[in-house]
Amino acid sequence: MGDGSISRWRNRFSLRLGRKDKEFADKFSSTCAQVLGKKPYSVRHVRDRGTYETIISKASFCKFLQQGLTYLDRYVREHPSGFVRGLADSGGCPTVTTTRKRGKPWFFVQVVVAASTSIRLLSYTRTILRECLGIKATLVYKGKPRPSVFKNKLFRSKKRVFDLRISRFGDVKRLTRVVGFELARKQEKLDAAIAVGDKFGSGQDAVKEWTRRREHGTTEWILKKGVD
């Protein structure tokens with residue numbers, strides 16, 4: 001439901017995942033293998049796309065996943081943490097904002113659980129967070145996807161993208177305890193942000209501590225060189 005896709009050719013079904021993040025592709029492969037009682041599926045590097053790809057050809061598994069949220073709801077509610085964790089590893093991330101609020105420095109930690117054009121999926125996930133895990137999340141409109149180039153042609157999507165976000169610091173901490181990220185780099189960043197918030201609050205001292213160790217890279221905060 002995050003980055004996976006199911007295709008069918010005649011009577012053959014395939015579940016495919018293609019990601020630039022090899023750690024996530026490896027985790028997807030090993031998890032599917034565990035569910036199906038198989039050895040981990042191979043993960044191949046697709047050079048022209050710069051992605052790592054895993055394909056699981058199992059008709060019964062694909063048909064099960066295709067039955068939709070209404071049918072799968074009872075299984076999700078048996079494993080709500082795993083369901084949310086899978087989405088968060090796929091398209092979610094911890095976010096840290098250092099800005100000014102009412103003229104004063106402000107340190108703000110959030111978690112994006114998932115980003116999607118499917119309001120139904122995000123609304124359902126929000127319900128699972130609230131009813132099964134006691135966590136409040138909100139939908140935030142992000143705009144339209146960036147134009148993409150395929151075979152030298154520019155494509156623009158008319159679909160709207162939404163984030164499912166957890167903003168209250170208490171809920172962010174609870175998410176870490178009951179769900180967490182499986183991907184180490186995401187969890188380490190979230191743990192570091194929570195530690196700063198717990199010790200220094202949300203004001204100037206927190207901003208100084210966070211920016212003392214990290215700087216804003218191209219897309220996210222990264223550790224400064226020479227800092228452990």
Side-chain angles (χ1 to χ4, degrees), residues 1-7 14-36 40-46 49-56 58 61-62 64-69 72-73 75-95 110-129 132-133 135 137-146 148 157 159-166 171-172 175-176 178-191 219-220:
M1 295 183 188
D3 288 325
S5 63
I6 294 175
S7 60
S14 296
L15 171 62
R16 175 187 172 276
L17 178 85
R19 280 292 300 268
K20 293 184 178 181
D21 191 325
K22 187 176 186 299
E23 183 186 0
F24 183 78
D26 287 339
K27 180 62 182 177
F28 180 83
S29 167
S30 62
T31 300
C32 288
Q34 183 180 7
V35 170
L36 298 171
Y41 293 89
S42 62
V43 177
R44 70 186 186 95
H45 185 217
V46 184
R49 297 177 184 172
T51 60
Y52 294 90
E53 183 177 270
T54 305
I55 297 177
I56 292 95
K58 184 73 173 179
F61 189 42
C62 292
F64 171 76
L65 294 174
Q66 280 187 317
Q67 294 180 93
L69 291 172
L72 296 174
D73 179 67
Y75 300 102
V76 172
R77 288 178 182 273
E78 289 178 5
H79 307 281
S81 293
F83 174 78
V84 174
R85 187 182 305 115
L87 280 178
D89 281 337
S90 178
C93 64
T95 68
Q110 297 182 93
V111 172
V112 175
V113 178
S116 176
T117 58
S118 173
I119 294 180
R120 182 166 182 263
L121 172 62
L122 297 182
S123 296
Y124 173 78
T125 306
R126 179 176 58 181
T127 298
I128 293 298
L129 282 164
C132 300
L133 302 173
I135 296 173
T138 56
L139 284 172
V140 179
Y141 175 57
K142 292 295 293 177
K144 294 180 180 179
R146 293 179 180 178
S148 59
S157 175
K159 295 182 178 180
R160 299 184 301 167
V161 179
F162 292 83
D163 279 353
L164 181 63
R165 296 194 174 201
I166 298 170
D171 285 327
V172 169
L175 182 83
T176 302
V178 302
V179 179
F181 288 97
E182 188 73 29
L183 301 186
R185 61 182 177 81
K186 292 185 178 183
Q187 187 59 48
E188 288 170 0
K189 178 182 175 182
L190 181 57
D191 288 340
T219 58
E220 61 179 349

Q. Is K27 reaching over with its side chain to a backbone N or O of L183, donor-acceptor style, under 3.5 angstrom?
A.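 Side chain of K27 to backbone of L183: no pair is present.
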Q. Any donor-acceptor pair under 3.5 Å linking the side chain of T125 with the backbone of L121?
A.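 Confirmed, T125 side chain pairs with L121 backbone.
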Straight-line distance of [X] [atom1] to [Y] [atom2], nearest 0.5 Å:
X	Y	atom1	atom2	answer
I135	I166	CD1	CD1	5.0 Å
L175	F181	CG	CZ	6.5 Å
D21	R185	CG	CZ	4.5 Å
T138	L122	OG1	CG	11.0 Å
E78	L72	CD	CG	11.5 Å
T54	L17	OG1	CG	6.0 Å

Q) Among E23, R44, H45, R19, which residue meets the side chain to side chain contact (heavy atoms under 4.5 Å, CB included) test with Y52? A)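 Single pass found, and it is H45.
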Are [X] and [Y] close enough that some pair of their side-chain heavy atoms sits under 4.5 Å apart?
X	Y	value
V172	Q110	no
R126	S123	yes
I56	L36	yes
T31	E182	no
L129	L164	yes
V43	F28	no
L87	M1	yes
R85	D89	yes

Where do [X] and [Y] come nearest, in terms of heavy atoms and distance?
X	Y	answer
P40	S29	C-OG, 3.7 Å
I128	P80	CG2-CB, 3.8 Å
L15	C32	CD2-SG, 4.4 Å
K189	P94	NZ-O, 3.1 Å
Y141	V161	CD1-O, 3.6 Å

Q.
Can you tell me if Q67 has over 12 outside heavy atoms packed within less than 6.0 Å of its CD?
A. yes
Q | K22: side-chain hydrogen bond (donor to acceptor under 3.5 Å, both in side chains) partners, not counting sequence neighbours | A | D26
